[in-house]
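A quick write-up on the structure given underneath.
Remember, predicted model here, so these are calculated numbers, not experimental data. In the text below, chain A, chain B and the rest are named by the order of the sequence lines, each starting its count at 1.
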2 protein chains.
Amino acid sequence: MRPALNPSPRPTARDAIIDAAIRLWSRNPGATFSEVALHAGVGRATLHRHFRNRDDLLTVLAEICIEETNEAVATAIDRSASASRQLQRMFEAVIPLGDRYSFLYRAEIGDEHTTAEYRRQLDRVGTLVGELKAEGAVAADVPTAWVVAQIDQLIWTAWNEVASGRVAAADAAYLATRTLLHGLGKEEQP
Amino acid sequence: MRPALNPSPRPTARDAIIDAAIRLWSRNPGATFSEVALHAGVGRATLHRHFRNRDDLLTVLAEICIEETNEAVATAIDRSASASRQLQRMFEAVIPLGDRYSFLYRAEIGDEHTTAEYRRQLDRVGTLVGELKAEGAVAADVPTAWVVAQIDQLIWTAWNEVASGRVAAADAAYLATRTLLHGLGKEEQP
DNA sequence: ATCGTACGAGACATCTATGTATCATTTCTC
DNA sequence: GAGAAATGATACATAGATGTCTCGTACGAT
């Protein structure tokens, strides 16, 4: 049906498919089309009506994930703030999209455009790590690759713990930033 | 052929299959039998000669991973040492088995025995976190689930960074312990 | 050198997932 | 209420993965 004019349109079948596929495939990349349809609450024929094939759906999902994560980071980052403040803002923006962020490397999409975009995101994280080192928030002796890997995993772990209800959404970015910069030891008095 | 009596026997086809399957399926659980055979350097018929079917291989792998990770932890843990020392020793023991450790939850094995064993391992990690909190190495205000999740991911990340050559094997456990307890900020003078 | 064991390649059967198509039903718009 | 659009269920075709089997080859033990 054509998009309604009312202020809060009912999600279309296509939206339901996209959301269910990201959620399912970020955990279980081998899940079948039938399983995706089930999770989306639609018929398998409807999947085939909206997407030419599995590769088509994967490509569409990759574009959406790239766009959403890039936009979230661009909106959140204030270049005039300190690097550690930027880190926290980035966590705040990206953790709610943790499933989308990790979908980009877990789903084995493999086409060059997606790979290049994901690598660009990692490069930007690497640049931020350089700035964190320059301002002393991260020690210079720690391999940058290690810090980037930690940030990557913190995004997924935080999203997963929030999704599982074990951590409050409001606490996630703070816990992630604290874990990275200060660890989970007792906080000393300032 | 029957096992040789020489002190360092050539790895059998079965050993090659097991190692290749763990390595491949911990990253890409959807990989096919043909891909496993290729990675193992054997023919697909040889896979079928050693293992009844895909489920049989998965079950064997799960048993091996459980046994190796349990034995590594049991050997490394000195109950009389401090909790943070035990943490470092556990990291030293388990990180080289990071692919086996994460295979247990990534490969979607799903049988109750494997799930129970993995959960038992997580419970032991949770117990250690309790001890870390009791001795003040981890702050009491941090959710235990968050700390357990961080340890889980540190094992995989460390293994992956070592396997990729970006981090030296000798540094991995130290980086993991430091990241968890102190973070990656500049280390203050004692 | 011979025999036994293990293996690789390939053919074939079976199974599962995907892709295509059709028809009846439901939903939405006018 | 009528018509258009979208959907679900089902059947069928296709493709790929798995499982089985056979034969020739390689390797190890004697």
Pairing of Arg79(B) and Glu131(B) as salt bridge, 4.0 angstrom limit: yes

Can you give one letter per nucleotide of nucleotides 9-18 of chain C, 5' to 3': B if a protein heavy atom sits under 4.0 Å from the base, S if only from the sugar-phosphate, - if neither? BBB-----SB

Nearest-Å distance for atom pair CG/P, residues Asn28(B) and dA17(D): 12 Å

Give the cluster check for Leu180(B) versus Val167(B): same hydrophobic cluster or not, with ILVMFWY residues linked at side-chain heavy-atom distances below 4.5 Å. yes

Determine whether Glu135(B) and Arg85(B) satisfy the following criterion, salt bridge (Lys or Arg N to Asp or Glu O under 4.0 Å), listing intermediate values before the conclusion. CA-CA 11 Å; Glu135(B) 89 175 20; Arg85(B) 185 73 190 123; over 6 Å; no

Can you check the Arg52(B) CZ to dG19(D) P distance for me, whole Å? 11 Å

Give the cluster check for Ile155(A) versus Leu97(A): same hydrophobic cluster or not, with ILVMFWY residues linked at side-chain heavy-atom distances below 4.5 Å. no

Contacts of Arg23(A) that satisfy salt bridge (Lys or Arg N to Asp or Glu O under 4.0 Å) - sequence neighbours left out: Asp19(A)

Verify the cluster assignment for Trp159(B) and Ile151(A): are they in a single hydrophobic cluster under the rule of side-chain heavy atoms below 4.5 Å apart? no

To the nearest angstrom, how far is Phe51(B) atom CZ from dT20(D) atom P? 15 Å

Return the value, rounded to whole Å, for the distance between atom CG of Leu47(B) and atom C1' of dA17(D). 13 Å

